J.: 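Please read through the structure below; I'll follow up with questions.
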There are 2 protein chains.
Amino acid sequence: MGLTKTELFTDQQNEIAQIAKAFSHPARVAIILHLLKINACINSDLVQEMGLAQATISQHLRELKEIGIVKGTIEGVSVNYCINAEKWEEVKLLFNEMFERYNPPPTNDCC
Amino acid sequence: MGLTKTELFTDQQNEIAQIAKAFSHPARVAIILHLLKINACINSDLVQEMGLAQATISQHLRELKEIGIVKGTIEGVSVNYCINAEKWEEVKLLFNEMFERYNPPPTNDCC
DNA sequence: TAATTACATTGCAATATTACGATGAATGAA
DNA sequence: TTCATTCATCGTAATATTGCAATGTAATTA
């Protein structure tokens, strides 16, 4: 079918999945890593940095903006993109909370 | 096209994206969270837990196994699934390293 | 052996994603 | 005003994902 049955899952599960989806394409990871390094940049910089078409980068940036990880402000003719600090912290906590849930079983009888 | 141009990106970028993809569906998140809580379980337990068909769960489990996050060992008629401790640690470090890269700009002149 | 249980795999339909050319909108420069 | 720059959006083609019924496989039980 291709239609995810989100109603079967908790809000937390859906939220983790939604944010993970933002990270699930290397172009978006590359954009995020570039923003982390450079602090702010414009669409055409990213077109230079990666080898994708401008329309494609714009589409990826929109997804990152929709999730809230990235912010963009109009700066004359260009748009300044950067990491949304508050959301970044939130995402970090959400994933860390999950990562820390694992406590290896005392006996190794599971697998 | 629908075909990700992985050759444009670094190994690290592709690896983060690949692992994030494993987390990008709420059913797989639910499976992982359940395994974290319960330590080990079988396919049919998950079918009860979530409302998806057995074939669908099996498919999600296969993806998690392919990535390495989950291990499965045959236990008579059933298969015991559990978190792969080594891979879990690796994934945790990979994501934490990324999360910690962010240092908010001294001046808020970006966005 | 025959039936049962637990999963995996196959095949398919519905939908989502990826990529990009073409085009549109807005700003600034000549 | 006209042109160039920057980016968003639209439309479309190629491919990927999701979900499940049907079927296959292997081990256990009667």
Side-chain angles (χ1 to χ4, degrees), chain A residues 1-9 13-14 17-31 34-35 40-67 70-82 111, chain B residues 1-9 13-14 17-31 34-35 40-67 70-82 111:
Chain A
M1 294 173 175
L3 204 163
T4 297
K5 295 187 162 183
T6 53
E7 73 278 7
L8 291 178
F9 310 102
Q13 287 160 2
N14 283 315
Q18 193 192 28
I19 292 172
K21 190 178 278 180
F23 285 95
S24 74
H25 193 286
R28 291 192 290 271
V29 173
I31 289 172
H34 193 250
L35 286 176
C41 72
I42 63 176
N43 184 313
S44 57
D45 285 347
L46 293 167
V47 175
Q48 295 292 319
E49 187 76 15
M50 304 145 59
L52 291 170
Q54 180 266 325
T56 309
I57 305 273
S58 186
Q59 204 175 327
H60 284 305
L61 280 167
R62 179 171 52 178
E63 287 178 64
L64 292 171
K65 273 198 297 184
E66 275 169 3
I67 294 287
V70 159
K71 283 192 295 186
T73 44
I74 298 168
E75 189 91 14
V77 109
S78 59
V79 177
N80 226 354
Y81 289 103
C82 69
C111 286
Chain B
M1 293 168 173
L3 206 164
T4 297
K5 295 189 161 180
T6 54
E7 74 278 6
L8 291 178
F9 308 103
Q13 287 160 3
N14 283 315
Q18 194 191 29
I19 293 172
K21 190 179 277 181
F23 285 95
S24 74
H25 193 285
R28 291 192 290 271
V29 173
I31 289 172
H34 193 249
L35 287 175
C41 70
I42 63 177
N43 184 312
S44 55
D45 285 346
L46 293 167
V47 175
Q48 294 293 319
E49 188 76 15
M50 302 146 58
L52 291 171
Q54 180 266 325
T56 308
I57 304 273
S58 187
Q59 203 175 328
H60 284 305
L61 280 167
R62 179 169 54 178
E63 287 178 66
L64 291 172
K65 273 199 296 184
E66 276 169 2
I67 294 287
V70 159
K71 284 192 295 187
T73 45
I74 298 169
E75 189 91 16
V77 182
S78 59
V79 177
N80 227 352
Y81 289 102
C82 69
C111 287

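Note that this is a predicted model, so its numbers are computed, not measured. Lettering of chains follows the sequences in order, A, B, ..., and the numbering in each one begins at 1.
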J.: Figure out the CD/P separation between A:E63 and C:dT17, and round it to whole Å.
T.: 7 Å
J.: For A:A53, answer base if it contacts any base atom (sugar-phosphate contacts may also be present), sugar-phosphate if it contacts only those atoms, and nothing otherwise; contact means non-hydrogen atoms under 4.0 Å.
T.: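 Since only primed, P, OP1 and OP2 atoms lie under 4.0 Å of A:A53, the category is sugar-phosphate.
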J.: Under 4.0 Å between a side-chain N/O of B:T4 and OP1 or OP2 of C:dT18, yes or no?
T.: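 Negative; the distance criterion is not met.
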J.: Would you say B:R62 reaches C:dA8's phosphate, i.e. side-chain N/O to OP1/OP2 under 4.0 Å?
T.: no
J.: Between B:L52 (CG) and C:dA8 (C1'), how many Å, whole number?
T.: 17 Å
J.: OP1 or OP2 of C:dC20 less than 4.0 angstrom from a side-chain nitrogen or oxygen of B:K5, does that happen here?
T.: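 It does, given that an N or O in the side chain of B:K5 lies less than 4.0 Å from OP1 or OP2 of C:dC20.
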J.: State the CG-CG distance between B:D45 and B:N80, to the nearest 0.5 angstrom.
T.: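 The distance works out to 9.0 Å.
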J.: Could you check whether A:I42 gets within reach of a base, just the sugar-phosphate, or nothing at all, counting any heavy atom under 4.0 Å?
T.: sugar-phosphate
J.: Atom CG of A:N14 and atom CD1 of A:I19: how far apart are they, to the nearest 0.5 Å?
T.: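 Taking CG in A:N14 and CD1 in A:I19, the distance rounds to 11.5 Å.
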J.: Side chain of A:Y81 only, please: which of D:dC7, C:dC7, D:dA21 is the nearest?
T.: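 So the side chain of A:Y81 is nearest to D:dC7.
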J.: Relative to the 5' end of DNA chain C, which residue comes earlier, A:A27 or B:I57, by the nucleotide with the nearest heavy atom?
T.: B:I57
J.: Heavy atoms under 4.0 Å, any strand shown: does B:S44 hit a base, just sugar-phosphate, or nothing?
T.: sugar-phosphate
J.: Among B:H25, B:M50, B:E63, B:E49, find the residue that satisfies the side chain to side chain contact (heavy atoms under 4.5 Å, CB included) test when tested with B:I31.
T.: B:M50
J.: Could you state the CD1-C1' distance from A:I31 to C:dA19, rounded to the nearest angstrom?
T.: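 One finds 13 Å between C1' of C:dA19 and CD1 of A:I31, rounded.
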J.: Need to verify one output field. Residue with the more 5' nearest nucleotide on DNA chain D, B:G76 or B:T56?
T.: B:T56
J.: Between P on D:dT6 and CD on A:Q54, what's the gap in Å once rounded to a whole number?
T.: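 From A:Q54 CD to D:dT6 P: 10 Å.
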J.: According to a strict under-4.0 Å criterion, is A:R28 in side-chain N/O contact with OP1 or OP2 of C:dT18?
T.: yes
J.: Nearest of D:dC7, D:dT18, C:dC7 to any side-chain atom of A:N43?
T.: D:dC7
J.: Which distance, rounded to the nearest 0.5 Å, do you find between the CD of B:Q48 and the CG of B:N43?
T.: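 Here the interatomic distance stands at 11.0 Å.
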J.: Provide, to the nearest angstrom, the distance between the CG atom belonging to A:N80 and the C1' atom belonging to D:dT6.
T.: 13 Å
J.: Within this structure, what is the CD-OG1 distance for the pair A:Q18 and A:T6, rounded to the nearest 0.5 Å?
T.: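 Separation between the atoms: 10.0 Å.
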J.: Give the rounded distance in Å between these two atoms: NE2 of B:H25 and P of C:dT17.
T.: 11 Å
J.: Hey, are the side chains of B:F9 and A:L52 touching, using non-hydrogen atoms and a 4.5 Å cut-off?
T.: yes
J.: If I take atom NE2 in residue A:H60 and atom C1' in nucleotide D:dC7, what distance separates them, rounded to the nearest angstrom?
T.: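 Distance, rounded to whole Å: 16 Å.
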J.: On DNA chain C, does the nearest nucleotide to B:K65 precede the nearest nucleotide to A:A55 from the 5' side, or the other way round? Give the residue.
T.: B:K65
J.: Classify B:V77 by what it touches in the nucleic acid, base, sugar-phosphate, or nothing, heavy-atom distance under 4.0 Å.
T.: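 Since a base atom lies under 4.0 Å of B:V77, the category is base.
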J.: Under 4.0 Å, counting only non-hydrogen atoms across every strand here, what does A:S58 touch: a base, just sugar-phosphate, or nothing?
T.: base
J.: Please give, in whole Å, the distance from D:dA16 P to A:K21 NZ?
T.: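 Computing the A:K21:NZ to D:dA16:P distance gives 16 Å.
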